[in-house]
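First comes the structure, then the notes that go with it.
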Amino acid sequence: MLYIYNTLTRTKEEFRPIDPSLVRMYRCGPTVYKHMHIGHAKSYVSTDMVRRYLAHIYGPDHVMFVMNITDVGHLADDSDDGEDKMEAQARRENRSPFEIALYYEQSWFDDLDRLGVMRPDRVPHATDFIRQQIEMTEQLLQKGLAYQANGSVYFDVHAYEGRGVPEGFVPYGGLSNRKLEEQQHGGRIAVFEEKRNPQDFALWKAAEPEHSMQWYSPWGWGYPGWHLECSVMAQYYLGETFDIHAGGLDNMFPHHECEIAQSQAANAKPFVNWWMHVNLIRIGGDKMGASAGNAMTLKQMLEQYDPMAIRYLILQSHYRSPQDFDMESLAAAQAGLERFRRAAERLRQAVGDDADTASVDAMPPFFTEFLAAMDDDFNTTIALGALAAGITELNSLLAAGNADPAGLLAFYKSLRIAFDQILGFDLFSRPIATTQNNALTGQLMELFIELRREARARKDWPASDLIRDRLKERGVVLEDTKEGTRWTMGE
RNA sequence: GGCGCCGUGGCCGAGCGGCUAGGCAAGGGUCUGCAAAACCCUGUACAACGGUUCGAAUCCGUUCGGCGCCUCCA
């Protein structure tokens, strides 16, 4: 039984998809105007893990995961003179906003690929759904839940509230648990007098002539509001009501709240059954993020660290916990991951090539513990603990040298499913170091090992150590075991 | 002003009424020519002070310290 914490109810609830033959999940994707940073990594790795686990339970072909790309610049704040993020970046880089979007989208996917984040099943772009966004705006106008002002259209939160909240629907503020009248308005942002009420939000914004991204609409030239694209694209691919909507905690209000209001208002149906919110990365106890100015790009980090170590570090904490990020814990994660890798490689050599097609009767106990932890709101911390215990057990077995083949095969299968399929570490699918090179390399290594064996036989330790040290300088590691000397190459 | 979160052993980080978390680091050991790898052993931690309870890191209260959201942000 899978339990998922639902932000709507603030409790873990047994997950029941609307249609088990197609579990439908959405997450808000990036606004592509700059490189990805480590904070994004936690969010995307976490939702990827959720998606992978759902695929494990319901089958890979029975999960539909959609993530949008926001390639329309949105205003940096809610006032009229706020600057469009994409336009601003375009000016800085002396490129068009369209080029900016294209360039940074590619950059994001490059980084996500390296982190082992699977591509979503659908990746719609906001600019490809302008027509649908206009249509939803028109629907809301017709229903009297939106109003025009100077070529812009705003969602009327008070009118929406005034209609009452039917059973099963979420009132405005119901997700983030806030009451309209208790919010501070006009403090840090100027109240925009075009709006009837401060909490009204834009569905469509009139564009200034110099704004390069604009489209023609019934209200003149403009561009869509910030929240509308997700409602529209989620509905297009997943239907009016779907199972899971995931995203960062910092998007809970106002973004997700507005999505709910729009979609419920337009469709007169509940929008989403489970809301999942990934907590944030901190640096030195403070939030890290675009506006905090302390964000480190992932590309900078990947110059020094294995992307999978970053993934491992992220999954070592729970997705709903804030995570303090520093280089020391990243190094620790890398060390831990390497132990897993070495074990995986030894295991793969032990089970041989047809292990993938062989069948297994029973999975080892640690795998059951792993699944139980995952079922408990994706507790990857506990799940990884179970796997660590499994690895220790496996290493003992391998070291003893008398493990029965069926047992090893069970380890192989379960570790492969847990580590690679579900958690997304690329532990087993890498080529084995000793065979990835060409035949000549292998033959030369055989020669070195033989020379060293002879040196050791005559107890010529300086010669023996010279061979080992010099090879190590070149990234080749020799290890003496009971079965003889093994060699491996680093990355 | 409103809503909410956190303070766990050297570091990271689960747990959230009774049973070893785990990882990394550190120390000791086994193996070994040495090394590496691997395995075994070692820390009795829960901000402070009260309270509830047979029993609290886990519940309640107070205090101290830190943080988030209410504004674009993952």
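Model, not experiment: these values are computed from the prediction. To find a chain, count down the sequence lines: A is the first, B the second, and so on, and within it residues start at 1.
Here, B/C46 and B/C11 have their C1' atoms 16 Å apart, quoted to the whole Å. Rounded to whole Å, the P atom of B/A37 lies 12 Å from the corresponding atom of B/C24. The P atoms of B/A25 and B/C64 are separated by 40 Å, rounded to the nearest whole Å. For the C1' atoms, the distance from B/C67 to B/C41 is 40 Å, rounded to whole Å. Taking the C1' atoms as reference points, B/G10 lies 33 Å from B/G61, given to the whole Å. Annotation: B/G7 and B/A14 have their C1' atoms spaced 15 Å apart (nearest Å). Of the P atoms belonging to B/U62 and B/G4, the separation is 15 Å, rounded to the nearest Å. Between the C1' atoms of B/A35 and B/A21, the separation comes to 33 Å (whole Å).
Nucleotide B/C39 forms a Watson-Crick or G-U wobble pair with B/G29, both donor-acceptor distances falling under 3.5 Å. Across all strands shown, B/G4 pairs with B/C67; the Watson-Crick or G-U wobble distances both stay below 3.5 Å. Checking B/G61 for Watson-Crick or G-U wobble geometry (two distances, each under 3.5 Å) identifies B/C49 as its partner. B/C19 makes up no base pair with any nucleotide shown, lacking Watson-Crick or G-U wobble contacts both under 3.5 Å.
Set against B/C3, B/C72, B/A14, the side chain of A/N177 has B/C3 as its closest nucleotide. The side chain of A/A335 sits closest to B/A25 out of B/C12, B/G13, B/A25. Of the candidate nucleotides B/A14, B/G13, B/C69, B/A14 has the atom lying nearest to any side-chain atom of A/H318.
Between A/H35 and A/Y104, the angle of the ring planes goes over 60°, which puts this pair in the perpendicular group of the 30/60° scheme. Relative ring orientation between A/F367 and A/F370 is described as parallel, the plane-to-plane angle staying below 30° on a 0-90° scale split at 30° and 60°. Ring planes of A/W275 and A/H245: parallel class, angle under 30° (limits at 30 and 60°).
Going from atom CZ of A/R282 over to atom P of B/G4 covers 17 Å, rounded to whole Å. We find that OH of A/Y312 is positioned 8 Å from P of B/G23, with the value rounded to whole Å. When rounded to the nearest whole Å, the span between CZ of A/F325 and P of B/C12 equals 13 Å. We find that CG of A/N68 is positioned 11 Å from P of B/C73, with the value rounded to whole Å. Summarising the geometry, the separation between CG on A/D250 and C1' on B/G68 is reported as 10 Å, rounded to the nearest angstrom. Atom C1' of nucleotide B/A14 and atom CD of A/Q323 are separated by 12 Å, given to the nearest angstrom. To the nearest angstrom, C1' of B/G33 lies 14 Å from CZ of A/R458. In this structure, CD of A/E369 is placed 14 Å from P of B/U20, rounded to the nearest angstrom.
Taking the salt bridge (charged side-chain N to carboxylate O under 4.0 Å, His left out) definition, one finds that A/D326 meets it with nothing, sequence neighbours left out. Applying the side chain to side chain contact (heavy atoms under 4.5 Å, CB included) test to A/L249 and every residue at least two apart in sequence or in another chain returns A/H277, A/N279, A/L280.
The phosphate of B/C5 has neither OP1 nor OP2 within less than 4.0 Å of any side-chain N or O from A/N279. Between B/G15 and A/N379, a contact under 4.0 Å exists linking OP1 or OP2 to a side-chain N or O.
Among the heavy atoms of the strands lying under 4.0 Å from A/S321 are primed sugar atoms or P, OP1, OP2 only; no base atom is included. A/K459 comes within contact range of no nucleotide atom at all, as no heavy-atom separation falls under 4.0 Å. At the heavy-atom level, A/P254 lies under 4.0 Å from the strands shown only through sugar-phosphate atoms.
Between the side chain of A/R178 and the base of B/C69 there is at least one donor-acceptor pair of N/O atoms closer than 3.5 Å. Looking at A/K287, its side chain comes within 3.5 Å of the base of B/C73 through a donor and an acceptor atom.
The residue among A/I281 and A/S317 whose nearest nucleotide of RNA chain B is located toward the 5' end is A/S317. Looking at which nucleotide of RNA chain B each of A/H255 and A/S329 is closest to, the 5′-most match is held by A/S329.
The only option from A/F201, A/W204, A/F271, A/F155 that meets the ring pair (Phe, Tyr, Trp, His ring centres under 6.0 Å) definition with A/H227 turns out to be A/F201.
Comment: A/D480 engages A/R452 in a salt bridge, judged by a side-chain N to carboxylate O separation of less than 4.0 angstrom.
Close placement of the A/F366 and A/F411 rings is indicated, their centers lying within 6.0 Å of each other.
In this model, a donor atom of one side chain and an acceptor atom of the other lie less than 3.5 Å apart for A/R346 and A/N395.
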(message) Using the rule given for side-chain contact (heavy atoms from CB on, under 4.5 Å), can you reason through A/F325 versus A/R282, listing the C-alpha separation, both sets of side-chain angles and the distance that settles it, and then say yes or no?
(response) CA-CA 6 Å; A/F325 186 87; A/R282 296 177 179 173; over 6 Å; no

Write out a two-atom table: protein N or O, nucleotide N or O from nucleotides 34-41 of chain B, distance below 3.5 Å.
unit_1: B/C34; atom_1: O2; unit_2: A/R468; atom_2: NH2; d: 2.6
unit_1: B/C34; atom_1: N3; unit_2: A/R468; atom_2: NH1; d: 2.9
unit_1: B/C34; atom_1: N3; unit_2: A/R468; atom_2: NH2; d: 3.3
unit_1: B/C34; atom_1: N4; unit_2: A/D480; atom_2: OD2; d: 2.9
unit_1: B/A35; atom_1: N6; unit_2: A/D480; atom_2: O; d: 3.3
unit_1: B/A35; atom_1: N1; unit_2: A/D480; atom_2: N; d: 3.2
unit_1: B/A35; atom_1: N3; unit_2: A/R468; atom_2: NH1; d: 2.9
unit_1: B/A36; atom_1: N1; unit_2: A/D480; atom_2: O; d: 3.4
unit_1: B/A37; atom_1: O3'; unit_2: A/R342; atom_2: NE; d: 3.2
unit_1: B/A37; atom_1: O2'; unit_2: A/R346; atom_2: NH1; d: 3.1
unit_1: B/A38; atom_1: OP1; unit_2: A/R342; atom_2: NE; d: 3.4
unit_1: B/A38; atom_1: OP1; unit_2: A/R342; atom_2: NH2; d: 3.2
unit_1: B/A38; atom_1: O3'; unit_2: A/N395; atom_2: ND2; d: 3.1
unit_1: B/C39; atom_1: OP1; unit_2: A/R339; atom_2: NH2; d: 3.2
unit_1: B/C39; atom_1: OP1; unit_2: A/N395; atom_2: ND2; d: 3.0

